[in-house]
Structures are given as C-alpha cells and as structure tokens.
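Data block below; observations after.
Side chains are part of it too, since the values below use all heavy atoms of this structure and drop only hydrogens, waters and symmetry mates.
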Amino acid sequence: MEKYTYTPKGVCSRSMTFEMEDGIIKDVKIVGGCQGNLAGISRILVGMDAKHVIERFEGVTCGMKSTSCPDQIAQGLKEIIAK
C-alpha cells in the first residue's frame with residue numbers, strides 16, 4: 001500500500017492524504033474544509049477505484065469557485081495515477 005499527499009488549490013481544505021493499492025482507495029484523510037462533509041466523502045471513497053472517482057468528481061464546483069473539494073480530490077488522484 002502506498003501513501004500520497006496532495007495539496008489542494010482554491011478550496012478551504014489544506015491537505016489530502018490518500019492510501020492506495022492497485023488503483024483502489026484504501027483510506028483518505030482531509031485536513032481543513034467542511035469536516036463533516038469531507039469525513040463522509042472520505043468514508044464513501046474507501047474501496048473505490050480511483051479512476052471511477054475521478055470521472056464522478058472532476059469538474060464539481062463550489063459556489064462561485066471554479067473548483068471544489070471533490071474536484072480537488074479528483075485532481076489529486078489524477079496526479080497520483082500519473083506518477
């Protein structure tokens with residue numbers, strides 16, 4: 001299992017840490033942002049294929065922002081997959 005940390009841009013959350021194995025998300029920890037919502041999202045992601053999450057989360061916006069925490073999760077996962 002590998003652990004990755006991503007620094008989100010343009011959102012309230014300050015860091016996102018993913019544990020992954022063979023493209024499957026094993027754990028997600030997010031610091032900052034709307035903790036209740038992000039804790040729930042993190043639990044839902046466990047066991048999911050990262051590519052599937054990217055398809056669903058990429059492009060989601062928050063209010064007037066051009067991004068959101070879900071979109072930043074997708075960006076972080078894309079960065080991880082690219083490595």
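- In the hydrophobic clustering of this structure, Tyr4 groups with Ile81; members are Ile, Leu, Val, Met, Phe, Trp, Tyr whose side-chain heavy atoms approach within less than 4.5 Å, directly or through other members.
- Atom CG in Asp27 sits 8.0 Å away from atom OG in Ser42 (nearest 0.5 Å).
- Checked by atom type and distance alone, the side chain of Lys9 pairs as donor or acceptor with a backbone atom of Thr7 at under 3.5 Å.
- Side-chain N or O atoms of Thr5 include none that pairs as donor or acceptor with a backbone N or O of Thr17 at under 3.5 Å.
- The closest side-chain heavy-atom distance from Ser13 to Met16 is below 4.5 Å.
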Problem set entry | Verdict with reasoning, Thr61 to Thr67, per side-chain contact (heavy atoms from CB on, under 4.5 Å) | CA-CA 4 Å; Thr61 60; Thr67 189; over 6 Å; no
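- In terms of modelled atom types and a separation under 3.5 Å, the side chain of Asp71 and the main chain of Gly59 share a donor-acceptor contact.
- Both Met20 and Phe57 are assigned to one and the same hydrophobic cluster, defined by single-linkage of ILVMFWY side chains at heavy-atom distances under 4.5 Å.
- Residues Leu45 and Ile30 fall within the same hydrophobic cluster, defined by Ile, Leu, Val, Met, Phe, Trp and Tyr side chains chained together at heavy-atom separations under 4.5 Å.
- To the nearest 0.5 Å, the span separating CG on Leu38 from CZ on Arg43 amounts to 12.5 Å.
- Salt-bridge check for Lys29 with Glu19: failed, with every basic side-chain N at 4.0 Å or more from each acidic carboxylate O.
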Exercise. Between Leu77 and Phe18, does a side-chain contact (heavy atoms from CB on, under 4.5 Å) hold up when you go through it step by step?
Worked result: CA-CA 8 Å; Leu77 292 171; Phe18 304 90; 3.7 Å; yes
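- More than 12 heavy atoms of other residues, nucleotides or ligands lie within 6.0 Å of CD in Gln35, so this atom counts as buried by the packing criterion.
- Gln72 and Tyr6 share a donor-acceptor pair across their side chains, judged by distance under 3.5 Å alone.
- Note on Ile54: it does not cluster hydrophobically with Val11, by side-chain heavy-atom contacts below 4.5 Å among ILVMFWY residues.
- Counting only distance, with no hydrogens or angles, the side chain of Asp22 and the backbone of Ile24 share no donor-acceptor pair below 3.5 Å.
- By the rule that hydrophobic residues join a cluster once side-chain heavy atoms approach within less than 4.5 Å of another member, Ile44 and Ile25 end up as members of one cluster.
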